[in-house]
Amino acid sequence: MAYPFSEIELKWQEYWRSHETYRVTLDPSKPKYFVMDMFPYPSGEGLHMGHPLSYTATDVVMRMKRMQGFAAMHATGWDAFGLPAEQYAVKYKLHPRITTERNIATYRRQLDSLGYGYDWSREINTTDPNYFKWTQWIFLKFFNSYFDTEEQKARPIEELVRRIASEGTAGIPCALPRDTKHYSKEAWGAATAKERSDFLAQCRLAYVADAPVNWCPELGTVLANEEVPEQEEKGYTVLRRNMRQWVLRITAYAERLLRDLDTVNWPESTVQSQRNWIGRSEGAEIDFSIAGADHTIRVFTTRPDTLFGATYMVLAPEHPLVAKITTGAQDGAVRNYLEEVRRKSDLERTDLAREKTGVFTGAYAINPANGKHIPIWIADYVLISYGTGAIMAVPGHDERDFEFAGAFGLPIVRVVQAPGVDASEPLVTPFTEDGIAVHSGFLDGLSTEQAKQRMIEWVEASGAGVRTVKYKLRDWLFSRQRYWGEPFPIIYVDEGDGEYPKALPERMLPVILPEVESYQPSGTGESPLATIPEWVNTTDPETGRFARRETNTMPQWAGSSWYFLRYLDPKNDTALISSDAERYWMPVDLYIGGAEHAVTHWLYSRFWHKLLYDYGIVHTPEPFQRIFHQGMLLGENGSKMSKSLGNVINPDQLVSEYGADTVRSYVLFLGPLEGTKPWDSKGIMGVHRFLNRLWRVIVREDNTTDRSSITDGTPSSSLERLLHQTIKKVGDDIEALRFNTAISACMILLNAMEEESGGIPRAAYEALLKLMAPFAPHIAEELWQRLGNAGTIFDTTWPAYDEAKTVETTVTLILQVNGKVRDKLDVPRGLMTADLEAFARQSPNVMKHIDGKQIKKVIVVQDKLVNVVAA
RNA sequence: GCCCGCGUGGCGGAAUAGGUAGACGCAACGGACUUAAAAUCCGUUGGCCGCAAGGCCGUGCCGGUUCGAGUCCGGCCGUGGGCACCA
């Protein structure tokens, strides 16, 4: 008979609830520990096995830290805005709030059934107006800020406006586009509100732009990049289309986001992903004038040293100069090409295997290094969104340019010499590595690195260019055309010369969602909110004049970019978070979540955090000190768990079959947390048996307590040693998130206790219960109580170990001959080298193997081995 | 193509400072208990040879460093993930 897990689990869950066991408060007398997992999206499916994996891991850490005397913060909540609830609402005409509440109830029941010790008084919900009020508040901070390029931080836009009013726009510390139309102080004074708004949009950290989006006609909405493959798989079509969008200027923070990666304890792969995603490149912007025209083409290159090898130029098809420089003779060909490009899907355009395409514009540029006229082409291998949207093509030293030049018969010259290669030989493959500059005038003979620096100095001196740093990172498209998301606290006003966006004042937050009759997308690409005139049409609270509300809503990332802060002060209605709470709890000490969020959630959160840091709302530049990725749990057959494969493991069923303690312990016992591992439904019995054995130490078949096997005596020296070793190992392993070996250490300890001849010493058994309590909290509580203790085991202190008592008094000495084990011998620890060597020489089996050979050398590692080298 | 990671018994995995390879658990086999089964308990379990003592082989493959390599170095093969015309 298995122990009555259902009964005791319910009992203790009820105890924890009524005693608010997991309520944690700010306590300056204690060190704090803030542990997090990713708060779930409450889907209609309920929990899947991935949740118990990371949630148990964080729960175990919280429980141990708490017993070690920390104020251990572990809270959760609901990332409840999002597409699935909205799609469900469209289909069944049910308000997403209803389904969301229903799903949350299911999740809550499931989380409770697994015995998690969340502090539910800190529960948050991104769809709660008291929560998203602050999401909107942060958005307003973005909107009302510019990024000061001198101080490298966000500052209030009013300060910039004041400065412009007194000095004009020239020289303001903002990264403005090159063709910005500047205002003198007088012109600014005379400008309309719309004109000022348009100018300031270039400075604000949140701005409106016409941006190409992934438009899905069937869903009537725009998709995030990461949503596209999923929807395409479902058979929906996704097209490129320009729409008016909110964009957050994350690029302003590129350098800080990159630099501060050096300060965090994260998986190297995730740090690398973020570095690559930010994609910093050093190089130069160089201007090429156009022969016979009053335009210049600015290019970005990381290889200014190859300027003498630039034999043609390429503009992206979308480049604004295309229309201006194309000659009459090439006009038809260019138009045809542009049309061809427009028709291509994203997939076709990014297919690396395909042939390079392009067309000549008829115009020529002048290479500033050697004055040569080089043809200007258009090709879609150059992207408008990176660099300047134009390149100088150096086919000798760039794979893509080489391929293109080959396809269109453009000249290829060598300007970098590989070691041991004849510089006059034609290139048969592009040479992209470093070498020595050749055929490059004043650069000849310089190494690539020297030549880069020399050329940058030269272009800067001649006014043809400047040293520049570019990033792959793009600004963050921040609006979705959906109902079920945070409304923007923005209205549009028009004073006769066009609409412009205007922030609502803080006192009007939160801007809540109106009730709608249909969740069906408007079909125009706008959100369902656009179909409600009573909501859209409003008045400007400042002027009382007519205004229209923004009808986009925020993406799901909005609510999740800062939620951890709200756990710390969830009920505060005068501030996002109190300074006291923030200073005490932040930063997050440990955050466990899936690696799939490496460059989304964990980059976005850092960005938001830095804005809050700039305003002194948070005191650490980085929010998450340590991140850890749990691996994936596969189905029994080793393939991904999926409904279609019918190999989904249901947590509810496992809990009712084996109990929460077994399920918790087993998901962690399966293997290293970070590893991808298949589920094995038979293996769970091993852990279940272990808990049963732990139970039967003091409970009989009829469920009565019998402490007769527990003694008040002292443990044998070997058991005492093992106990101290186990206490040390379990603590270290939990700290390092090696739960599988922590559990196996507990199993070894119980195995040894059962072999203890004079019964099990009470102190040892109690220590084992405490060590197991983080993994199996219910059974630990019950046994703790049945031993005659009062209260919860989680208010007791974590067992301590004595380092001296972990040390073995005897060691197994390994005797080797030429590196092969020939004998083993138990000897006292700490013997001298000479003694150990003597053991080896006396061993019959060692003697047999050195017989007839000469001893060259004897290696002795104290307390470990003796290796006799003989030949 | 580039950047990460991983290859250990029949299976999940352990070996945390280069020093006993296979801890712990599953499965399997043998036994005890039982009318029987389940549950529980005891034992065996990397392969090969041997009655035994013991020996040989063995951590994807090939090579190197070392008295000694699962662990370090070089090359290859396989596999999983991320990015992908970023100039």
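The model shown is predicted, which means the values in this text are computed figures rather than measured ones.
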Inset, instruction - Using Watson-Crick or G-U wobble geometry with both distances below 3.5 Å, tell me the partner of B:G5, or none. - result: B:U79
Inset, instruction - May I ask you to say what A:Phe669 touches in the nucleic acid, namely base, sugar-phosphate or nothing, with a heavy-atom cut-off under 4.0 Å? - result: base
Inset, instruction - Give one of base, sugar-phosphate or nothing for A:Asp733, where a contact means two heavy atoms less than 4.0 Å apart. - result: base
Legend entry - Residue-phosphate contact under 4.0 Å: A:Arg689 side-chain N/O, B:U40 OP1/OP2: yes
Inset, instruction - Using a cut-off of strictly less than 4.0 Å, decide whether A:Ser281 has a side-chain nitrogen or oxygen near OP1 or OP2 of B:A87. - result: yes
Inset, instruction - Take atom CD of A:Glu755 and atom P of B:C41, then tell me their distance rounded to the nearest Å. - result: 12 Å
Inset, instruction - Examine distances only and state if a side-chain atom of A:Thr448 and a backbone atom of A:Gly435 form a donor-acceptor pair shorter than 3.5 Å. - result: yes
Inset, instruction - Return no unless some side-chain N or O of A:Arg693 is found under 4.0 Å from OP1 or OP2 of B:U40. - result: no
Inset, instruction - Go through B:C67, B:C85, B:A15 for me and flag the one nearest to the A:Thr741 side chain. - result: B:A15
Inset, instruction - Rounded to whole angstrom, note down the C1' distance from B:A52 over to B:G63. - result: 40 Å
Inset, instruction - Determine the Euclidean distance between corresponding P atoms of B:G80 and B:G75; express it in Å to zero decimal places. - result: 23 Å
Legend entry - N/O (side chain, A:Asn740) to phosphate O (OP1/OP2, B:A23) under 4.0 Å: no
Legend entry - Watson-Crick or G-U wobble partner of B:G74, both distances under 3.5 Å: B:C62
Legend entry - Out of B:G55, B:G12, B:A87, whichever nucleotide has its closest atom nearest the side chain of A:Tyr386: B:A87
Inset, instruction - Calculate the interatomic distance between A:Leu865 atom CG and B:G18 atom C1'; express it in whole Å. - result: 11 Å
Inset, instruction - From the options B:G19, B:C83, B:G13, select the nucleotide whose nearest atom is closest to the side chain of A:Lys864. - result: B:G19
Legend entry - Nearest-nucleotide pick for A:Ile748, side chain only, options being B:G54, B:G13, B:A23: B:A23
Inset, instruction - Report which part of the nucleic acid A:Pro267 touches: base, sugar-phosphate, or nothing (heavy-atom distance under 4.0 Å, all strands). - result: nothing
Inset, instruction - Would you mind classifying the nucleic acid contact of A:Lys824 as base, sugar-phosphate or nothing, using non-hydrogen atoms under 4.0 angstrom? - result: base
Inset, instruction - With heavy atoms under 4.0 Å as the rule, sort A:Arg275 into base, sugar-phosphate or nothing. - result: nothing
Inset, instruction - Could you say whether A:Val869 or A:Asn276 is positioned toward the 5' end of RNA chain B, judged by the nucleotide with the nearest heavy atom to each? - result: A:Asn276
Inset, instruction - Enter syn or anti for the glycosidic conformation of B:G50, syn applying to angles within 90° of 0. - result: anti
Inset, instruction - Indicate yes or no: at least one non-hydrogen side-chain atom of A:Thr662 is less than 4.5 angstrom from one of A:Glu657. - result: no
Inset, instruction - Remember a base hit wins even if backbone is also touched, and classify A:Asp680 as base, sugar-phosphate or nothing at under 4.0 Å, heavy atoms. - result: sugar-phosphate
Inset, instruction - Remember a base hit wins even if backbone is also touched, and classify A:Glu399 as base, sugar-phosphate or nothing at under 4.0 Å, heavy atoms. - result: nothing
Inset, instruction - Return the minimal non-hydrogen interatomic distance between A:Ser385 and A:Arg474, and the atom names on each side. - result: OG-NH1, 3.0 Å
Legend entry - Residue A:Lys729, side-chain heavy atoms: nucleotide from B:A87, B:U16, B:C24 that is nearest: B:U16
Legend entry - Along RNA chain B (nearest heavy atom to each residue), the more 5'-positioned of A:Thr676 and A:Ser744: A:Thr676
Legend entry - Assigned partner base of B:G22, Watson-Crick or wobble definition, under 3.5 Å: none
Legend entry - Base B:C67 paired with A:Lys856 side chain (donor-acceptor, <3.5 Å): no
Legend entry - Proximity of A:Phe690 and A:Phe669 rings by center, below 6.0 Å: no
Inset, instruction - Would you indicate, yes or no, if B:G55 has its OP1 or OP2 atom less than 4.0 angstrom from a side-chain nitrogen or oxygen of A:His849? - result: yes
Legend entry - Among B:C57, B:C24, B:A87, the one nearest A:Lys820 by side-chain distance: B:C57
Inset, instruction - With the side chain of A:Tyr381 defined as its heavy atoms from C-beta on, choose the nearest nucleotide among B:G12, B:C24, B:C85. - result: B:C85
Inset, instruction - Give a yes or no on whether the backbone of A:Thr357 and the side-chain of A:Tyr337 come within a donor-acceptor separation of less than 3.5 Å. - result: yes
Inset, instruction - Between B:G18 and B:A32, how far apart are the C1' atoms? Round to whole Å, please. - result: 46 Å
Inset, instruction - Pick the C1' atom in B:G9 and in B:A15, then give their distance to the nearest Å. - result: 15 Å
Legend entry - N/O (side chain, A:Asn845) to phosphate O (OP1/OP2, B:G55) under 4.0 Å: yes
Legend entry - Side chains of A:Thr432 and A:Glu399, donor plus acceptor under 3.5 Å: no
Legend entry - Proximity to the side chain of A:Pro678 - top-ranked nucleotide from B:G12, B:G54, B:C85: B:G12
Inset, instruction - Determine the contact category for A:Arg738: base if any of its heavy atoms lies under 4.0 Å from a base atom, sugar-phosphate if only primed atoms, P, OP1 or OP2 are that close, otherwise nothing. - result: base
Legend entry - Nucleotide paired to B:C51 in any strand shown, Watson-Crick or G-U, under 3.5 Å: none
Legend entry - Heavy-atom donor-acceptor pair, A:Arg696 side-chain to B:U40 base, under 3.5 Å: no
Inset, instruction - Can you tell me the distance, in whole Å, between the CG atom of A:Asp305 and the P atom of B:A87? - result: 14 Å
Legend entry - Touch class at under 4.0 angstrom, heavy-atom based, for A:Ser385 against every strand present: nothing
Legend entry - d(CZ, A:Phe402; P, B:G1) in whole Å: 18 Å
Inset, instruction - Give the rounded distance in Å between these two atoms: CD of A:Glu596 and P of B:C4. - result: 21 Å
Inset, instruction - Using whole Å, report how far NZ of A:Lys677 lies from P of B:C26. - result: 19 Å
Inset, instruction - Starting from P on B:G19, measure out to CG on A:Asp863 and report it in whole angstrom. - result: 15 Å
Legend entry - Parallel, tilted or perpendicular: ring planes of A:Trp476 versus A:Tyr604, cut at 30 and 60 degrees: parallel
Legend entry - Any-strand Watson-Crick or G-U partner of B:A36, both distances under 3.5 Å: none
Inset, instruction - Could you tell me whether the side chain of A:Asp823 and the main chain of A:Pro844 form a donor-acceptor pair under 3.5 Å? - result: no
Legend entry - Flag for A:Thr251-A:Tyr471: side-chain donor and acceptor within less than 3.5 Å: no
Legend entry - Whole-Å distance separating the NZ atom of A:Lys682 from the C1' atom of B:A27: 7 Å
Inset, instruction - May I ask you to say what A:Ile859 touches in the nucleic acid, namely base, sugar-phosphate or nothing, with a heavy-atom cut-off under 4.0 Å? - result: base
